Chemist: 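Have a look at this one before I ask anything.
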Amino acid sequence: MDYNLAVIKGDGIGPDIVDQAIKVLDTIGTKYGHDFSYKEVLAGGAAIDATGEPLPQETIDVCKNSDSVILGAVGGWQWDHLPGEKRPEKALLGLRAELGLYANIRPAVLYKELKAACPIKDEIIGDKLDFVVVRELTGGIYFGKRGQGKGENGDYSYDTMMYSEMEVRRIAINAFDIAMKRGKKLCSVDKANVLENSRLWRKVVLEVAKDYPEVELSHLYVDNAAMQLVINPKQFDVIVTGNMFGDIISDEASMITGSIGMLPSASLGNSKLGMYEPIHGSAPDIAGQDKANPIATIISMAMMLRYSFDLEEEAKAIEVAVEKVIEEGFRTIDIMSEGCIQVGTIKMGELICERI
Ligand code: NAD
């Protein structure tokens, strides 16, 4: 099959890590008979320097006409003085909105060889941690009505948490579909003991559950979920939650797994077109020095093959190759520990390609 991919390398380590991800995709293409073609476009700081805008129209058009989008990371101190609307990070929100990407999928996987990086006790973690957080991305309190004013107690301000049935239904379907491809366990996180909006969330999730009798559904209040992630993270397979709760829970989940350089993410909408990127930023402190860990971006490619192109075997091939390289003791500097072999960004990419 032929796949047309839009590539946004971005800023800082973006080009370093995306180059390795492309190398891995090309290796998969050769092995399994697929043809990946790439159209590079600008977003973030690189786009500001070239065009004055963080998200040029050409980038939006190319992304919309692609089969999926690969993104490195955007941002850096050079652009920190710019006003909010003009900053590199604005490109991320713009892309999600333009491409209708309302579901953010973040797997949290802790490899047994990297257990030392996990801040939680060994007996709680066991051999391996492997769960996924599905976060609603384009609704909820971050997008609700907001305002401010002056009252008798001084200035006041408010933000409104709003979800429609449609918004909850589509993210719930997404999460149930993912649970079906994994351990068939889904935990919906809300605050239904307090929030009206969470009661609607729970009602709709229960309705959607009727179409997925094989999936074991549970509900947790968000405060309890935050606690359970620390005291018993192994209980989770797939977690689904709203925008703000997901923002917090997914960061907590990623910290449990140690290095930020290992964690991929996917943003999905109604079509097969998704945006695939590591969860970390542009790490300007190590940009262009062959130090960045490319694994998060490389595993994001596995997510793309699985979720956008239904290429499960190819996705697994990438994940198994990454596991092998880790098992064999190869480490980039961020995950380096005693007795292991330190390698740079390029070498790590090559090793993963060789194992594929
Ligand atoms: P960061 O994730 O870029 O870096 C935090 C720390 O982790 C740094 O010490 C960095 O060297 C290290 N690190 C990050 N990724 C790594 C990797 N792959 N391998 C090895 N080490 C890695 O976060 P930050 O420093 O807060 O932000 C830097 C810039 O990135 C800012 O401009 C920020 O706005 C932007 N940012 C962009 C995105 C995105 O594009 N999705 C996300 C977060 C932050």
Side-chain angles (χ1 to χ4, degrees), residues 6-21 24 41-49 54-55 59 63 69-97 99 101 104-106 109 111 114 117 135 137 142 246-248 250-251 254-255 257-267 274-301 303 322 325-326 330-337 340 342-349 351-352:
V7 176
I8 302 171
K9 292 187 178 179
D11 310 314
I13 57 169
D16 309 0
I17 52 180
V18 170
D19 285 348
Q20 302 315 308
V24 166
V41 279
L42 296 175
I48 294 171
D49 289 350
L55 184 59
T59 299
C63 289
V69 181
I70 303 173
L71 174 68
V74 299
W77 54 265
Q78 303 94 308
W79 305 282
D80 279 351
H81 65 283
L82 295 170
E85 280 304 299
K86 294 278 177 198
R87 285 178 65 124
E89 294 78 3
K90 196 71 197 162
L92 299 175
L93 296 179
L95 275 169
R96 287 172 190 157
L99 302 175
L101 305 174
N104 187 238
I105 322 291
R106 271 197 193 188
V109 177
Y111 300 89
L114 300 181
R135 167 189 169 195
L137 207 56
Y142 293 172
D247 195 2
I248 299 164
S250 59
D251 265 24
S254 60
M255 279 304 101
T257 64
S259 170
I260 196 167
M262 298 291 296
L263 296 176
S265 86
S267 299
M275 187 157 81
Y276 297 87
E277 60 185 306
I279 70 155
H280 58 72
S282 59
D285 51 328
I286 54 168
Q289 299 170 33
D290 197 35
K291 282 186 181 163
N293 186 347
I295 291 180
T297 319
I298 289 170
I299 307 178
S300 301
M301 301 302 97
M303 293 185 80
V322 168
V325 169
I326 298 285
F330 295 103
R331 304 279 189 274
T332 43
I333 193 163
D334 57 312
I335 51 171
M336 184 60 191
S337 61
C340 293
Q342 191 174 317
V343 295
T345 313
I346 297 169
K347 182 71 185 170
M348 183 56 93
L351 286 165
I352 293 168

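These numbers come from a predicted model, not from an experiment. Both counts, for ligands and for their atoms, begin at 1 and track the order of listing.
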Chemist: Please report whether ligand 1 has a polar contact with Ala283, defined as an N or O pair separated by less than 3.5 Å (distance criterion only).
Modeler: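 By distance alone, the answer is yes.
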Chemist: I'd like to check which ligand 1 atoms, numbered from 1 as shown, lie under 4.0 Å from a non-hydrogen atom of Asp285.
Modeler: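 Close to Asp285: 8 (C), 9 (O), 10 (C), 11 (O).
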Chemist: Nearest to atom 15 (N) of ligand 1, what protein heavy atom do you find, and at what distance?
Modeler: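 Nearest protein contact, heavy atoms only, for atom 15 (N) of ligand 1 is His280 CG, 3.2 Å.
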Chemist: For the NE2 atom of His81 and the NZ atom of Lys86, what is their distance to the nearest 0.5 Å?
Modeler: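 Rounded to the nearest 0.5 Å, the NE2-NZ separation comes out at 12.0 Å.
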Chemist: Looking only at N/O atoms, are Ile260 and ligand 1 under 3.5 Å apart anywhere?
Modeler: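 No; every N/O pair is 3.5 Å or more apart.
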Chemist: Where does Pro284 meet ligand 1, judged by heavy-atom distances below 4.0 Å: at the side chain, the backbone, both, or neither?
Modeler: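 Pro284 to ligand 1: side-chain contact only, backbone stays beyond 4.0 Å.
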Chemist: N/O of Lys291 under 3.5 Å from N/O of ligand 1, yes or no?
Modeler: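 It does not: no N or O of Lys291 is found under 3.5 Å from an N or O of ligand 1.
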Chemist: Need the ligand 1 atom indices (1-based, order shown) with element for anything under 4.0 Å from a heavy-atom of Ile286.
Modeler: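 The list of qualifying atoms is 11 (O), 20 (C), 21 (N).
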Chemist: Select one of side chain, backbone, both or neither to describe which atoms of Ile13 lie under 4.0 Å from any atom of ligand 1, heavy atoms only.
Modeler: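 The side chain, only.
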Chemist: Answer whether the closest heavy-atom distance between the side chains of Thr345 and Ile13 falls below 4.5 Å.
Modeler: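 Counting from C-beta outward, Thr345 and Ile13 never come under 4.5 Å.
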Chemist: When you measure from atom 36 (N) of ligand 1 to the protein, is at least one non-hydrogen atom found at a distance under 4.0 Å?
Modeler: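 Within 4.0 Å of atom 36 (N) of ligand 1, protein heavy atoms are found.
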Chemist: Looking only at heavy atoms, which two atoms of Thr297 and Pro278 are closest? And how far apart?
Modeler: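 Smallest interatomic distance, heavy atoms only, reads OG1-CG, 3.6 Å.
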Chemist: Less than 4.0 angstrom from a charged side-chain N to a carboxylate O is my criterion; do Asp19 and Lys9 meet it?
Modeler: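 Yes, charged N to carboxylate O under 4.0 Å.
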Chemist: Answer yes or no for atom 18 (N) of ligand 1: protein heavy atom present at a distance under 4.0 Å?
Modeler: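 Looking at atom 18 (N) of ligand 1, one finds that a protein heavy atom does lie closer than 4.0 Å.
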Chemist: Give me the atom names and distance for the closest heavy-atom approach of Ile8 to Val18.
Modeler: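 Nearest heavy atoms, Ile8 then Val18: O-CG2, 4.4 Å.
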Chemist: Run the numbers for me: atoms of ligand 1, each under 4.0 Å from some heavy atom of Gly75, listed by number.
Modeler: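 Every atom of ligand 1 under 4.0 Å from some heavy atom of Gly75: 32 (O).
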Chemist: Taking the minimum heavy-atom distance to atom 42 (C) of ligand 1, which of Gly281, Ala296, Pro294 ranks first?
Modeler: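 Considering heavy atoms of Gly281, Ala296, Pro294, the nearest to atom 42 (C) of ligand 1 sits in Gly281.
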Chemist: So, 4.0 Å and heavy atoms of Gly76: is ligand 1 close enough to count as a contact?
Modeler: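 Flag set, Gly76 near ligand 1.
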Chemist: Short N/O distance, under 3.5 Å, between Val74 and ligand 1?
Modeler: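 In this structure, Val74 places an N or O atom under 3.5 Å from an N or O of ligand 1.
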Chemist: Could you tell me which atoms of ligand 1, counted from 1 in the order shown, lie closer than 4.0 angstrom to a heavy atom of Ala73?
Modeler: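 In order of number, 40 (O).
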Chemist: Write down the atom of Pro264, the atom of Ile279, and the distance for their closest heavy-atom approach.
Modeler: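 For Pro264 and Ile279, the tightest heavy-atom pair comes out as O-CG2, 3.6 Å.
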Chemist: To the closest 0.5 Å, what do you measure between CD1 (Ile326) and OH (Tyr111)?
Modeler: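 Nearest 0.5 Å value for the CD1-OH distance: 7.0 Å.
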Chemist: Give a yes or no on whether atom 29 (C) of ligand 1 lies under 4.0 Å from any heavy atom of the protein.
Modeler: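 Looking at atom 29 (C) of ligand 1, one finds that a protein heavy atom does lie closer than 4.0 Å.
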Chemist: Would you verify that at least one protein heavy atom lies under 4.0 Å from atom 24 (P) of ligand 1, or report that none does?
Modeler: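 Looking at atom 24 (P) of ligand 1, one finds that no protein heavy atom lies closer than 4.0 Å.
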Chemist: Taking side chain as C-beta onward, heavy atoms only, is Met336 less than 4.5 Å from Asn293?
Modeler: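 No, every pair of side-chain atoms sits at 4.5 Å or beyond.
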Chemist: Determine if the distance from atom 1 (P) of ligand 1 to the closest protein heavy atom is below 4.0 Å.
Modeler: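 It does; a protein heavy atom is within 4.0 Å.
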Chemist: If I take atom CD1 from residue Ile17 and atom CE from residue Met348, how far apart are they, to the nearest 0.5 angstrom?
Modeler: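 CE of Met348 is found 13.5 Å from CD1 of Ile17.
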Chemist: Taking 4.0 Å as the limit for heavy-atom contacts, which would you say applies to Asn293 with ligand 1: side chain only, backbone only, both, or neither?
Modeler: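 It is both parts that get close, each with some atom under 4.0 Å.
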Chemist: What is the minimum heavy-atom distance between Ala21 and Met301, and which atoms define it?
Modeler: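 For Ala21 versus Met301, the nearest heavy atoms are CB-CG, 3.7 Å.
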Chemist: Under 3.5 Å between some N or O of ligand 1 and some N or O of Glu89?
Modeler: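 So ligand 1 has an N or O lying under 3.5 Å from an N or O of Glu89.
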Chemist: Rounded to the nearest 0.5 Å, what separates atom CD in Glu277 from atom CE in Met303?
Modeler: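 With rounding to 0.5 Å, CD (Glu277) is 10.5 Å from CE (Met303).
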Chemist: Could you measure the distance from the CG atom of Leu82 to the CD1 atom of Ile48? Nearest 0.5 Å is fine.
Modeler: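 Result: 5.5 Å between the selected atoms.
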Chemist: Can you list the atoms of ligand 1 that are under 4.0 Å from a heavy atom of Ala292?
Modeler: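 Matching atoms, with element in brackets: 19 (N).
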Chemist: With heavy atoms of Glu277 as the reference, note each atom of ligand 1 found under 4.0 Å away.
Modeler: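 So the atoms of ligand 1 that pass are 41 (N).
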Chemist: Quick one: pull up CD1 in Ile105 and OH in Tyr276 and give me the separation to the nearest 0.5 Å.
Modeler: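 Interatomic distance, Ile105 CD1 to Tyr276 OH, rounded to 0.5 Å: 8.5 Å.
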Chemist: Does Ile333 reach the side chain of Gln342, with side-chain heavy atoms less than 4.5 Å apart?
Modeler: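 When only atoms from C-beta onward are counted, Gln342 and Ile333 do touch, with a gap below 4.5 Å.
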Chemist: Where is the nearest protein heavy atom to atom 39 (C) of ligand 1: which residue, which atom, and how far?
Modeler: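 Checked against all protein heavy atoms, atom 39 (C) of ligand 1 sits closest to Leu92 CD1, 3.6 Å.
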